[in-house]
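Scroll down for the structure; my scribbles are underneath it.
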Amino acid sequence: MAAKNLEEIVSLCKRKGFIFQSGEIYGGLQGVYDYGPLGVELKNNLKAAWWKSNVYERDDVYGLDAAILTQKKIFFYSGHENTFADLMVDCRKCKKRWRLDHLVEGKCENCGSKDLTDPRSFNMMFKTNIGPVADKDSYAYLRPETAQGIFTNFKNVMDSMAPKLPFGIAQIGKAFRNEITPRNFIFRVREFEQMEIEFFVKPGEDEKWQEYWVEQRLEWWKAQGLSPECLKLFKQPQEELAHYAKATSDILYQFPHGFEELEGIANRTDYDLGSHTQGQSDLKISANVAANKDSVAKLSVQDPPGQYFLPYVIEPSAGLDRGVLAVLTDAYTEEKLAGNKERIVLKIKPHLSPVKVAIIPLKRNESAIVEKAQAIKKSIQSLGLGRIAYEDTGNIGKSYRRHDEIGTPLCMTVDFDTVGKSDNTANHDTVTVRDRDSMQQTRVNISSLIDYIKEHF
Ligand code: ATP
């Protein structure tokens, strides 16, 4: 598949109401984006597809929605306070600031100068104050990953759901990172969403389960419409691993700016449960309660009864915003048509399309047509597929073009034949259904419309 142009995708997103720069009327906030009427539908559809496949269709994964505001102690014990940092450098010539590992051959990306300051470590977590009095101890963090909410609720889920290993806890939610150089539209931003699973396994079975999840996740992205040739795996070299990881495989996608990480599948070992168990025993000591031997069993499991151990964890962690960008990139297509015409069409999978079906009355003032079109919209809406648009611009060609651009799989036109006001009796009680990808038009009887749609989705 040919590489796509990011500018064209950004332009489509703005023009058609997918994604806007946040606070644009005040000049915009760098690295922060808002999802518009169509973007929120696409994003919600992607989340729903992830939840369905990773929670509903499995018996060994439980859902969770933990808070964004996070106690500083959690990030002390998780290691983020000390290690969740990137190295940054400043260019002495043009004064631009860069993340060291993003520079090619140590050159400033803006002016090419190699006259850079020594690297300084920069912690990427956002701090905020809790309560009315801001003092040096009253701060908390906006979480930089959703994972810690899962580890700190591990015992709650164990106690309430009584799962047996292996099992997972899944969560979708916002994460915040004070990226030094946000870039490439919604690829690298300061506020984003993650779709994460922490899958707890017996030590010794971790490598097998990591392979399993890499395979699962790769197949899932393909099922969202990403072309297999635009996906590849990358095993992170030892020196690049995060502080908690024993091994990480990344799923890379060919974004307009090149192959980059879409999802990471990390083997976090027992690092996090171990650190928070340590946190629990430290608390006891500081509360002047003797640390008893059970305290180390706090976040552990027993198997067989009486034998405590800390499970290992495999973490498939996907970026939702990067997922949206990948889906849009793959789907964006410019097609040459007969007569030197062109069309832009978003060949997005029907389950992800922001609008599922557009109902188009041929005439917006003809009451029989309008009433029939509205009745059809209502009956299709009741299927619960998502948004069904009623499109009464009065210009069929324009409506088709608009819905091609936003990826609506089916358009249905209600005309004089539909309402029996024509001599063409064979077409009475039928609508014209136009398929987005083939542009083929078929007359479908109203009585079989619902079945037709169910089959298409
Ligand atoms: P990168 O190396 O690109 O900075 P990372 O390895 O730090 O990413 P993880 O900590 O593994 O990322 O986070 C899991 C997922 O969260 C990533 O695969 C990515 O999809 C998403 N993600 C991470 N940082 C950002 C960001 N700044 N903007 C958008 N998505 C992000």
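Just so you know, ligand 1 is whichever comes first in the structure, and atom 1 is the first atom listed for that ligand.
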Point to revise | Under the side-chain hydrogen bond (donor to acceptor under 3.5 Å, both in side chains) test, residues paired with Lys349 that sit two or more places apart | key: none
Point to revise | Verdict with reasoning, Phe200 to Phe154, per ring-ring contact (aromatic ring centres under 6.0 Å, His included) | key: CA-CA 10 Å; Phe200 301 98; Phe154 175 77; 4.7 Å; yes
**Study point:** Option among His243, Glu315, Glu198 that satisfies the side-chain hydrogen bond (donor to acceptor under 3.5 Å, both in side chains) test with Arg268
**Key:** Glu315
Practice item. Could I get the full list of salt bridge (Lys or Arg N to Asp or Glu O under 4.0 Å) partners for Lys347, not counting sequence neighbours? Key: Glu335
Check your understanding: Hey, which residues fall under 4.0 Å of ligand 1 on heavy atoms?
Key -> Arg99, Arg177, Glu179, Phe187, Arg188, Val189, Phe192, Gln194, Glu261, Leu262, Glu263, Gly264, Ser317, Gly319, Arg322
Practice item. Just do the ring-ring contact (aromatic ring centres under 6.0 Å, His included) check on His257 and Phe187 with the steps written out, would you? Key: CA-CA 10 Å; His257 60 282; Phe187 176 83; 4.7 Å; yes
**Study point:** Under the side chain to side chain contact (heavy atoms under 4.5 Å, CB included) test, residues paired with Glu24 that sit two or more places apart
**Key:** Lys14, Gln21
